[in-house]
Every structure is written in C-alpha cells, then in structure tokens.
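A, B, ... follow the sequence lines: proteins, then strands. Residue 1 opens every chain. These values consider heavy atoms only, across backbone and side chains, with no hydrogens, waters or symmetry-generated copies. In this text the structure is predicted, and so the values were computed from the model without any measurement.
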2 protein chains.
Amino acid sequence: MAISSRFSVAAHILTLIHQKEGDRLTSEFIASSVNTNPVVIRRILGMLSKAGLVRTSAGVAGARLARPLGEITMLDVYRAVQSEQEELFAMHEHPNPACPVGRNIQASLDHVFLDAQRAMEAQLASVTMEQLSLDVASRA
Amino acid sequence: MAISSRFSVAAHILTLIHQKEGDRLTSEFIASSVNTNPVVIRRILGMLSKAGLVRTSAGVAGARLARPLGEITMLDVYRAVQSEQEELFAMHEHPNPACPVGRNIQASLDHVFLDAQRAMEAQLASVTMEQLSLDVASRA
DNA sequence: CTTAGGTGTACTTAGTATAGTTACAGCCTC
DNA sequence: GAGGCTGTAACTATACTAAGTACACCTAAG
C-alpha cells in the first residue's frame, strides 16, 4: 500500500466543485459521485478547509473554492490530506550504534530519501488542479 | 505510513556486505546491526536474491554481491523489496460512471500519479549503492 | 557419514493505518 | 422552530507490516 486514496478523493472533490461552481453540492451528492460514504467526504473537505483550499460553513451545503483552481497545485492537495509528520519513506528505527554502518546509515539514507521525496513533490507542484479539471472535462 | 522499511533495511544489508566483503556474514550478525530478527534479514535477502542483486546459498553463511555496488542503483533496491503491483498512489476504486467527473477522473489522475512516481524513481535511479556505502563510510 | 550451524519458508501474533459506518450535537436557512 | 446539513466522535472491518516461532533442508567440517 501507499499514499492514501484520500488524495485522489480530494482531487475528485475539487474537480466537482469547480465544474459545478454555483451549485450547492451536499456531501451526499459528492459521495455519490465518488461512490463512498458522505462522512468520508466531510472528513476530507474538513482537511481541505483546514489547509485553506476551500471554505465551508457548518450546517450549509456547498463548499466553495478559497482561491481559483489555477492557484492550487496537486502538491497543495497532497499536503492537505497527508498528516504532516508522515514521511514517504519509512526507516528501520534503531540500528545498532556499536556498528559503524548501523551508526551512520540513517543520516546517509535520510539524504537519499529526502531527495527522492522532493523530486516527487516538485512534479506534483508543477500540475495545477485547474489543469486536472480541464483534462477531466476534455474527456467528457 | 508509507514505503516499507524493507527498503532501508535492504540498503543497510547491502552496505554491510560491501564494507565487510570477504567476511561471511550470518543473518544473525546482520540482524544485530539492523537491530531486528534474523528471519527479517533472511526474508529481505531472499528478495534481493530473487532480484539478482546478491547470491546466497542455502545453508551457507555469507551473501555475496551479484555485481559491483556501483552497478546497483537505489531504484534497483527499491524495486527488489517492493511487490511489483504495489502502486505508490492509491486511487478510490469505483467512482460513479453516471457522473461526468466520476467517469473520467481516474484516467486523468493516473497520468498525474505516474509522472510523480517516475520523478521519484528517476531520482532513486541516479544514486548508486556504492555512493551510499561510501557516504556511510565517510561518516565513520 | 554424521553433526553442528545456517538458510529458506510457512505460520502466527501484535500493532497500526485506512475506509466505511452509525450516531448525534450544533449550525443555518426558510 | 423545523428540516437539512455539517462537523466530529466512536466503532468495525480490513489490510499490511514487522516481529517472532518452528522446522525442514542444505552444506561444510571433522
């Protein structure tokens, strides 16, 4: 397994809001498009709201984009639904400090992992949600 | 959570074999450096062996490198310990085909995800295990 | 050829993350 | 004030991982 499907659901939600702008989309409606439970949608909308990507108000249907989709990158969405401390690469935690390799492997690997993660994030940052939404629309 | 720590353990193992070349490292010795159970090491060594990165023989201590560390990239190691079908990005599986967005979002996201994954893999491919091993040694 | 040590692998267990679900308090709007 | 919706807590089922136990089999050394 890997990166949570929250990410793909979040992208789905934002695309829906964009393409139905003006409509008041309930979490139930969105859930029927994603094909999941409305609570799952509300949870993810909550994360997007905390990240400042959408604005919602309790008790009122219809989340709105906090800024144009062209100013929201896939990386913004990724980070919104990913718990911050969650590292992409896991590391074995307590190598033996009495061993020269065990003592130093973590620092060396950290560097490699960070570079790899940055490369992925840079790629995500290069795509905006607007591009995604237009791509989806072009297939319809 | 994220990419299994098998990856970091595998890198640790290869570094050890490299730096103690000639010695016959038992899974128990390696396990004490990684600080885990010998069976975990044997399992991962098995994956490295299947991937053609090391050679082992049943009943005999001392795995050997199948080729020089300079010809083994971090991506090779990553792929060796990662089940092939395992995608980095998960996708919600059954969006509603009756919705224009639900019907097309997967294809669009697939493209974005693939690019991001490739960016990460390209970065991993640019680092050899030899570089890692030398970096570890330089800290000792 | 016997035996001690080691590998390869199946099976079990425990911990953790996720998605899905139920339930409900609180907020808006009509 | 009533209905509809959100936000969130709590629970369940599922899946993956790491760790650990057990054991059959292999090899090399004596």
Side-chain angles (χ1 to χ4, degrees), chain A residues 1-10 12-13 17 23-51 54-64 78 81-96, chain B residues 1-10 12-13 17 23-51 54-64 78 81-96:
Chain A
M1 209 186 37
I3 288 162
S4 152
S5 71
R6 284 194 301 264
F7 183 28
S8 67
V9 173
H12 188 146
I13 293 173
I17 294 177
D23 293 21
R24 288 193 177 167
L25 307 181
T26 65
S27 62
E28 191 171 343
F29 174 87
I30 300 175
S32 83
S33 172
V34 174
N35 192 26
T36 182
N37 192 289
V39 174
V40 172
I41 302 299
R42 296 207 282 271
R43 256 199 298 256
I44 293 175
L45 266 176
M47 296 184 194
L48 295 175
S49 172
K50 250 182 202 155
V54 302
R55 285 201 213 95
T56 62
S57 39
V60 183
R64 292 159 165 273
Y78 173 77
V81 298
Q82 198 85 353
S83 76
E84 289 205 11
Q85 68 211 21
E86 201 169 354
E87 296 291 329
L88 183 58
F89 292 90
M91 181 113 57
H92 55 298
E93 293 212 323
H94 304 293
N96 190 342
Chain B
M1 207 186 36
I3 288 161
S4 153
S5 71
R6 283 194 301 262
F7 183 29
S8 67
V9 172
H12 188 146
I13 293 173
I17 294 177
D23 293 21
R24 288 193 179 167
L25 307 182
T26 64
S27 62
E28 191 171 345
F29 174 87
I30 299 175
S32 83
S33 173
V34 173
N35 192 27
T36 183
N37 191 289
V39 173
V40 173
I41 302 300
R42 296 206 283 270
R43 254 197 299 256
I44 294 174
L45 265 177
M47 296 183 194
L48 294 176
S49 172
K50 249 180 205 158
V54 303
R55 284 201 213 96
T56 62
S57 39
V60 183
R64 292 160 166 274
Y78 174 76
V81 298
Q82 199 85 355
S83 75
E84 290 204 10
Q85 69 211 24
E86 201 167 358
E87 295 291 329
L88 183 58
F89 292 89
M91 180 111 60
H92 55 298
E93 295 211 324
H94 303 293
N96 189 341

Over how many whole Å does the gap from B/N37 atom CG to C/dC11 atom P extend? 18 Å
When B/R24 and B/V40 are each assigned the nearest nucleotide of DNA chain D, the 5'-most assignment goes to B/V40
Would you say a side-chain N or O of B/R6 is under 4.0 Å from OP1 or OP2 of D/dA18? yes
Please confirm whether the shortest side-chain N or O distance from B/T56 to OP1 or OP2 of C/dG8 is below 4.0 Å. yes
If only side-chain N and O atoms of A/T36 are considered, is one of them under 4.0 Å from the OP1 or OP2 phosphate oxygen of C/dG20? yes
Output the rounded distance in Å from CD (A/E93) to P (C/dT16). 11 Å
Is the B/F89 ring parallel, tilted or perpendicular to the A/F7 ring (thresholds 30°, 60°)? tilted
Rounding to an integer number of Å, can you tell me how far B/I30 CD1 sits from C/dG8 C1'? 14 Å
Without decimals, in angstroms, what is the distance between B/N35 CG and D/dA19 C1'? 12 Å
Between B/F29 (CZ) and C/dG5 (P), how many Å, whole number? 19 Å
Please report the closest heavy-atom contact between A/A61 and A/T26, naming both atoms and the distance. CB-CG2, 3.8 Å
C/dT7 phosphate, OP1 or OP2, under 4.0 Å from B/S27 side-chain N/O: yes
Donor-acceptor pair, side chain of B/N35 and main chain of A/H94, under 3.5 angstrom: yes
Quick one, B/R55 and B/S49 - any side-chain contact, counting heavy atoms below 4.5 Å? no
Between A/S5 and C/dA19, is there a contact of a side-chain N or O with OP1 or OP2 at under 4.0 Å? yes
Interatomic distance, A/I41 CD1 vs C/dA19 P [rounded to whole Å]: 11 Å
When you measure from the side-chain N and O atoms of B/S4 to the phosphate of D/dA18, is any distance below 4.0 Å, counting only OP1 and OP2? yes
Checking contacts here: which listed nucleotide (C/dT21, D/dT6, C/dG6) is nearest the side-chain heavy atoms of A/A58? D/dT6
Is the side chain of B/S8 donor-acceptor paired with the backbone N or O of A/H92 at a distance under 3.5 Å, no angle test? yes
Return no unless some side-chain N or O of A/R43 is found under 4.0 Å from OP1 or OP2 of D/dT8. no
In terms of side-chain heavy atoms of B/A61, which of D/dA28, C/dT22, C/dG6 is nearest? C/dG6
Between C/dG20 (P) and A/E28 (CD): distance, integer Å: 15 Å
What is the nucleic acid contact for A/V39, judged by heavy atoms within less than 4.0 Å: base, sugar-phosphate only, or nothing? base
Nearest whole angstrom, please: distance from the P of D/dT17 to the CD1 of B/I44. 11 Å
